[in-house]
Amino acid sequence: MLDIKFIRANPEVVQKGARDKGVNVDIDELLALDDRWRKKVYEVEQLKARRNKVSEEIGLLRKAGRDASDAIAEMRRVAASVKALDEEIRELKERIDSYLMEIPNLPHSTVPVGADETANQEIKRWGEPPAFDFNWKPHWELAAELDIIDFERAAKMSGARFPLLKGLGARLERALINFMLDLHTTEHGYTEVFPPFLVNARSMFGTGQLPKFEEDMFKVGSHELYLIPTAEVPVTNIHREEVLKEEELPLYYTAYSACFRAEAGAAGRDTRGLIRNHQFNKVELVKFTTPERSYEELESLLQHAEAVLQRLELPYRVVCLSTGDMTFASAKTYDIEVWLPSSNAYREISSCSNFEDFQARRAEIRYRPRDGGRLRYVHTLNGSGLAVGRTVAAILENYQQPDGTVRVPDALVPYMGGVQRID
RNA sequence: GGAGGGAUCGCACAACCUGGUAGUGCACCGGUCUCGAAAACCGGCGCCCUUCGGGGCUUGUGGGUUCGAAUCCCACUCCCUCCGCCA
């Protein structure tokens, strides 16, 4: 959510930022509503001031044993006017808020402007895609032959786009989760949390999934709860409606969670394998910081996510998403894309974003500045560190051997109980 | 699921019975004082509107009663204790 004061002062900036993100918003209509709202607020506050003053006088008259019936009669009328005006103001405010909720965060000035992913800007490449001199296979074929993932039986119990991991496949998934959490907690300074996987609507609202993206999520209707699409939601909401101290910032959290996405499959892409499923595992990184530091924190967040791929020795590149490819709530996003032979391309495996104060304003996460003064909104950031299912796919494909087995990356061997090869 | 208790500024609590417009302590920030600090004292320390004079809002949330609600009434949310059920 943007600051209405900022929108009042910079309507054309907001209009342009939204348009660059491919969102059309009627700023003039919003500001007209805002203007009416402010006039009505002034009006009702005049009446309330009168009511407060006279009510106090009534109290004094009563105490002195004198008659106050004229004043009481007047206040009865004032009370009725106040009630009607308050109702009108409430409706205006509701309309204004629903406008505000639909306005995306504005892209940072360093973000390339463009309509879609073709305008994304490549920042760097790391490692070399493997040059196979044998008949290599996509991960879903490898996994089927190694009997480590069973999509057919998963479909029986749940439906399409759910994997059932088995044997060393399940072990690999668990090894990756532990490896990533250990790396982030011991070397990058993150505090590990294990959050709920179901959250209420208020939490989804705080991070920006609601109200715009309800259809992308699984809702547990009987309880008014949503399955989280990412640990970003519960972890960012840890500090919702709190006032933090500047001294405790920045805060770093890392969390493993399962992630649930209803939208996967709608586009008909990546119908096979581990790339696009309704449920997948992810280790998430979340930061709370001051506005002054948030962009350097974004750079280090990116490095923390990259470190996972470097330890696993998987080739990847980093791109800065263009305005048209970014998400609703983000001001700047780097995607890390891992090389995936079956796609013959780099594919997203992590998304690292600075939301500035967009989520903090929605979720009311503020901090008390060290030298006093008004409370300020924190900046929130998060990034995948990493998506586990896609990491499994990348390992299977990039580490496959001519004989159909898969070598285990050296960094993972201790987490695999010494197993060096999946065969 | 049942029975009780509770929610007031960042923290701890008061005012609630008996309606009169929210106070105290701690923490924090600024100032005075000091070589500096502590202590002491003064001010600040939640949000909104503002023509910068000021005004309004704020006691978990939403309603109701009333000239006036932290206080009385109703509903809801969350937390705590006990009982039941339970991995």
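Computed from a prediction, not measured in an experiment: that's the story for all the values here. First the proteins, then the strands, lettered A, B, ... as listed; each starts at 1.
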| message | With rounding to the closest Å, how many angstrom separate the C1' atoms on B/U32 and B/A22? | response | 29 Å
| Are OP1 or OP2 of B/C57 and a side-chain N or O of A/Arg51 less than 4.0 angstrom apart? | yes
| request: Give the rounded distance in Å between these two atoms: CZ of A/Arg77 and P of B/U66. | output: 16 Å
| message | Can a side-chain donor-acceptor contact be found between A/Ser55 and A/Asn52 if the only test is distance below 3.5 angstrom? | response | no
| query | Between A/Glu247 and A/Lys245, is there a salt bridge with N-O shorter than 4.0 Å? | reply | no
| task | Using the P atom as the reference point in each nucleotide, state the distance between B/U66 and B/A15 in Å, no decimals. | result | 28 Å
| said: Any carboxylate oxygen within less than 4.0 angstrom of a Lys/Arg side-chain nitrogen, looking at A/Glu292 and A/Arg376? | reply: yes
| said: I want to check one thing: is the phosphate of B/C49, taken as OP1 and OP2, less than 4.0 Å away from some side-chain N or O of A/Lys5? | reply: yes
| note | When both distances are under 3.5 Å in a Watson-Crick or G-U wobble arrangement, the nucleotide paired with B/C52 is none
| task | Using atom OH of A/Tyr367 as one end and atom P of B/C45 as the other, report the distance to the nearest whole Å. | result | 18 Å
| query | So, for A/Tyr252 and A/His188, is the gap between ring centers shorter than 6.0 Å? | reply | no
| remark: In whole angstroms, the gap separating P of B/G19 from CD of A/Glu56 amounts to 18 Å
| Over how many whole Å does the gap from A/Ile4 atom CD1 to B/C47 atom C1' extend? | 16 Å
| query | Roughly how far apart, to the nearest Å, are B/C57 and B/A70 at atom P? | reply | 10 Å
| query | Below 4.0 angstrom, N of the basic side chain to O of the carboxylate: do A/Glu241 and A/Arg202 qualify? | reply | yes
| field | Complementary nucleotide for B/G25 - Watson-Crick or wobble, under 3.5 Å | value | B/C11
| query | Just wondering, are more than 12 heavy atoms of other shown residues or ligands nearer than 6.0 Å to CZ in A/Arg240? | reply | yes
| query | Of all the nucleotides listed (B/G46, B/C67, B/C49), which has the minimum atom distance to the side chain of A/Arg368? | reply | B/G46
| message | Let's go through A/Tyr367 and A/Phe288 carefully: what are the C-alpha distance in whole Å and the side-chain angles of both, what is the deciding distance for ring-ring contact (aromatic ring centres under 6.0 Å, His included) to 0.1 Å, and is it a yes or a no? | response | CA-CA 10 Å; A/Tyr367 73 96; A/Phe288 299 83; over 10 Å; no
| query | Within 45° of the six-membered ring axis of A/Phe205 and under 6.0 Å from that ring's centre, is NZ or CZ of A/Arg362 located there? | reply | yes
| said: For B/A39, give the paired nucleotide (Watson-Crick: N1-N3 plus N6-O4 or O6-N4; G-U: N1-O2 and O6-N3; both under 3.5 Å), or none. | reply: none
| request: Name the orientation of the base relative to the sugar in B/G53: syn if the glycosidic angle is within 90° of 0, else anti. | output: syn
Contact list (N/O, under 3.5 angstrom) for nucleotides 50-55 of chain B vs protein:
from, atom 1, to, atom 2, distance (Å)
B/U50, OP1, A/Arg38, NH1, 2.7
B/G55, N2, A/Glu45, OE1, 2.9
B/G55, N2, A/Glu45, OE2, 3.4

| field | Any-strand Watson-Crick or G-U partner of B/G4, both distances under 3.5 Å | value | B/C80
| Taking atom types as modelled, is there a side-chain donor on A/Glu192 or A/Tyr256 under 3.5 Å from an acceptor on the other? | no
| In the strands shown, is B/C33 matched to any nucleotide by a Watson-Crick or G-U wobble pair with both distances under 3.5 Å, and which? | none
| query | Given the P atoms of B/G20 and B/G10, what is the spacing between them in whole Å? | reply | 25 Å
| field | Value in whole Å for how far the P atom of B/G64 lies from CG of A/Asp86 | value | 11 Å
| When the ring centroid of A/His278 is compared with that of A/Phe218, is the distance short of 6.0 Å? | yes
| message | Taking pairing as Watson-Crick or G-U wobble with both contacts under 3.5 Å, can you name the mate of B/U59, or confirm there isn't one? | response | none
| Would A/Lys16 and A/Glu12 pass as an ion pair if we require N to O under 4.0 Å? | no
| For B/U66, which nucleotide in any strand shown is its Watson-Crick or wobble partner with both distances under 3.5 Å? | none
| request: Remember a base hit wins even if backbone is also touched, and classify A/Ala79 as base, sugar-phosphate or nothing at under 4.0 Å, heavy atoms. | output: sugar-phosphate
| Same-atom distance (P) from B/A87 to B/G6, integer angstrom | 34 Å
| message | I'd like the P distance from B/C74 over to B/C17, given in whole Å. | response | 15 Å
| message | I'd like the C1' distance from B/C41 over to B/C48, given in whole Å. | response | 33 Å
| message | If you take any heavy atom closer than 4.0 Å to RNA chain B, which residues from residues 238-251 of chain A end up in contact? | response | none
| task | Could you check A/Arg50 against A/Lys83 and say which one's nearest nucleotide on RNA chain B is further toward the 5' end? | result | A/Arg50
| query | Whole Å only: how far is the CG atom of A/Asp70 from the P atom of B/C67? | reply | 14 Å
| field | C1'-based separation of B/A75 from B/U65 [nearest Å] | value | 15 Å
| field | Atom-pair distance (CZ on A/Arg366; P on B/G10), nearest Å | value | 8 Å
| request: Could you check A/Arg38 against A/Asp34 for salt bridge (Lys or Arg N to Asp or Glu O under 4.0 Å), going step by step and ending with a plain yes or no? | output: CA-CA 6 Å; A/Arg38 281 190 289 167; A/Asp34 178 55; 3.5 Å; yes
| query | Expressed in angstrom and rounded to an integer, what is the separation of A/Arg376 atom CZ from B/G10 atom P? | reply | 18 Å
